[in-house]
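So that the names make sense, note that chain A is the first sequence line, chain B the second, and so on, each numbered from 1.
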Amino acid sequence: MSDPLAELRAALAGAANRLRPGSPADRELALRLERPKLAQQGDYATNAAMLLAPLLGAAPRDIAAELAERLSAALGAELASHAVAGPGFLNLVMSDSWYHAALRSVLDAGERFGCSGTPHPERILLEFVSANPTAVLVTASGRHAAYGDSLARILRHYGHTVATEYYFNDAGSQIRRLGESVRARALGLEPPEDGYQGAYVSELAGEIAGAADPDADVDAIAGRAVAILLERIKATLVRYGVHFETFFSERTLHAGAPSPLDRALAHLRAAGHIYDHAGAVWLRTTAFGDDKDRVLLRSSGEPTYFAADVAYMANKRERGFERQLLPVGADHHGYVARLKAAFQALGEDPELLEPLIIQFVHLVEGDQRAAMSKRRGEFVTLDALLDEIGVDATRYFMLQSSHERTIDFNLDLARSQSSENPVFYIQYAHARISSMLGKLGTERVLLATDARADWSSPAGELHGSERELIKRLLSLPEEVAEAAERRAPHRMAVYALELAQDFTAFYRDCKVVGAKPEPTESFRIALSVAAQTQLALVLGLLGVSAPDAM
RNA sequence: GCCCUCGUAGCUCAGCUGGAUAGAGCGGCGGACUUCUAAUCCGUAGGUCGCAGGUUCGAAUCCUGCCGGGGGCGCCA
């Protein structure tokens, strides 16, 4: 019994299929096994009878009763009782022995519980942050970094192979503009109007030897500035706990003869998707659903940013990644159609390119929306944020809401309320268990969690809080699946809080240390160990630490 | 103007591939510390799920329109 809920679901599906006249395979029933909102409605409930009703032409409640008979026969002593309710729900109450066996499974799986649940493991390239090294990281990048890193962890736990990559522009007009800005500052001049105005540009000017030389090569200055900024970005990411397997330089797409970009263009031209017009080279993206065709090579002969992106997508594919995930800022969503079109023009399945739109982090001060402009140097850096509210609180704050939703980030509020961040509640639960287990001693804990441990509870039934906590633990695999399939790390953030709440309720209601009789204490120790393991696991998926003391 | 996206409690947000009486945290109010860690717990107040239609046995969830916030419509990145 590796996943007790999956087994229960399978038993239910089996019973449902035997009620159906047709072959079991003709259409998969979307039957659900869920936790009812009200405890008195049982441990689990299923809508199976309501789905079967139209197929069987019978009343849902009658079908539910029939289903209950069959399920009861299949489960035996595992099922304590059942009831038909409402429009045709079948409510199930599981027995104490089922709970004991379920906890055993969770404990045996340890931190691998909920692992490798995906039916179709893939090789995925997840590219994120990818902020240009023309400034240090800002709060918005903090959201992208937390999102991408956590998503990678979740996808891996789900069984995919994931590589994380940071793409940076070290070529092109923005980089040149940075170089010009640095040189201007070095010469004591104002940066160009469309250049970078921030104070850090002056600092860079001081750090780069020879920047003040009027004859100095702007590209060389820009190259030095990019190198310095990239190091700062990497340092911030390390501090933030965000790991990238690779940093991919745009420049490499332009290097060599033929360059990767040349090869991508040749490929597209051979496929008949390219045409020349007004001195420029165009990609016929309208053939794949875009509203207008896009320029790849300007009339000056210079490739566009888009052309580099196309070459980059082709490169990712050549490296053997079947799926490409691409979280991008909401300001880039207009870019999605052309990327998907280009991907298709390259001969790929557009479903395998997934741009994910991450909404903004709006900084609010008082009731004013703070202006953010990298060029003008008006921004709050991610480092400043981490200084003020810490890595764990920042990550949790960034992850608790859906990526599809704008975060209004009141800086003053964040400062004053950072200690009230739910993340500390979750961490506290973990630390509390550590303390408790420490009090018991390793030997006692090992004895309690051993496969031969006696957990029998002759005195009576399991406490409701114990049942709730075990049910919560059991739901991890489906929560991981949801978070992974919907690319929604915030699901894990919400789950972590719920898990911590369920543990705390158990802790409140059920004395662990010194509980009598001994098998009861053993069972509660084992349950605490399972809860601790899973808290650490889920916090790990969020990239948040799991302290043993607070 | 066209397109995308969001709108749920005072605040920050879950719930959205249709199901039973819409949830949590924070904040408010009233309680609980010789404890298994009070970074906690208990009780309580607080909602026209933006508005209006539609589909359905059933809608916060799906469809349409409107209102409001944000974003996008470059041979910029």
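Look at A:Lys471 and A:Glu468 and you find a salt bridge, because one of the NZ, NE, NH1 or NH2 atoms lies within 4.0 Å of a carboxylate O, short of that distance. Under the 4.0 Å criterion applied to side-chain N and carboxylate O atoms, A:Lys316 and A:Glu127 are assigned as salt-bridge partners.
Shown here for A:Lys511 and A:Ala515, the closest heavy-atom pair between the two residues is O-CB, 3.3 Å. Nearest approach of A:Asp170 to A:Arg251, heavy atoms of both residues: OD1-N, 2.8 Å.
Between A:Glu404 and A:Tyr305, the residue anchored closer to the 5' end of RNA chain B is A:Glu404, taking for each the nucleotide with the nearest heavy atom. Comparing A:Ala330 and A:Cys510, the nucleotide of RNA chain B nearest to each residue sits closer to the 5' end for A:Cys510.
Remark: the A:Ser299 side chain and the B:rC75 base include a donor-acceptor N/O pair separated by less than 3.5 Å. For B:rG71, its base sits under 3.5 Å from the side chain of A:His333 at one donor and acceptor pair at least. At a cut-off of 3.5 angstrom, the base of B:rA20 holds no donor-acceptor pair with the side chain of A:Asn47.
Contact annotation for A:Ser435: base contact, defined as any heavy-atom pair under 4.0 Å involving a base atom. Here A:Asn91 lies in heavy-atom contact (under 4.0 Å) with a base. When heavy atoms are screened at a 4.0 angstrom cut-off, A:His490 is found touching the sugar-phosphate backbone but no base atom. Among the atoms of the strands shown, base atoms are found under 4.0 Å from some heavy atom of A:Glu482. Here A:Ala280 lies in heavy-atom contact (under 4.0 Å) with a base. Using a 4.0 Å heavy-atom cutoff across all strands shown, A:Val494 reaches sugar-phosphate atoms only and no base atom. A:Ala337 comes within 4.0 angstrom of nothing in the nucleic acid, heavy atoms only. Using a 4.0 Å heavy-atom cutoff across all strands shown, A:Ala45 reaches at least one base atom of the nucleic acid.
With a cut-off of 3.5 Å on both pairing distances, the Watson-Crick or G-U wobble partner of B:rU40 is B:rA32. The base-pairing partner of B:rG18, taking Watson-Crick or G-U wobble contacts with both distances under 3.5 Å, does not exist among the strands shown. In this entry B:rG1 has B:rC73 as its Watson-Crick or G-U wobble partner, both defining distances falling under 3.5 Å. Base-pair partner of B:rC51: B:rG65 (Watson-Crick or G-U wobble, both distances under 3.5 Å).
Distances shorter than 4.0 Å separate some side-chain N or O of A:Arg486 from OP1 or OP2 on B:rC16. Remark: A:Arg298 is in phosphate contact with B:rA77, judged by side-chain N or O atoms under 4.0 Å from OP1 or OP2. For B:rC76, the OP1/OP2 oxygens have no side-chain nitrogen or oxygen of A:Arg177 closer than 4.0 Å. In this model, the phosphate group of B:rG15 is approached by a side-chain N or O of A:Arg491 to a distance below 4.0 Å at OP1 or OP2. Between A:Tyr428 and B:rA39, a side-chain N or O to OP1/OP2 separation shorter than 4.0 Å is present. Contact annotation: A:Gln501 side-chain N/O to B:rA24 OP1/OP2 distance is not under 4.0 Å. Considering only side-chain N and O atoms, A:Arg508 lies under 4.0 angstrom from the phosphate OP1 or OP2 of B:rC42.
Within the 3.5 Å criterion, the main-chain N or O of A:Gly142 finds no donor-acceptor partner in the side chain of A:Thr139.
The ring of A:Tyr167 has its center closer than 6.0 angstrom to the ring center of A:Tyr312.
Following rounding to the nearest Å, A:Gln427 (CD) and B:rA39 (P) show an atom-to-atom distance of 14 Å.
Of the candidates B:rU37, B:rG27, B:rC13, B:rC13 carries the atom nearest the A:Arg405 side chain, counting heavy atoms from C-beta on.
Here, B:rU37 and B:rC41 have their C1' atoms 13 Å apart, quoted to the whole Å. For B:rU8 and B:rA14, the C1' atoms lie 10 Å apart once the distance is rounded to whole Å.
Using a 30° and 60° split on the angle between ring planes, A:Tyr275 and A:His277 fall in the tilted class, from 30° to 60°.
Ring stacking is absent between A:Tyr425 and B:rG25, as the pair misses the limits of under 5.5 Å between centres and under 30 degrees between planes.
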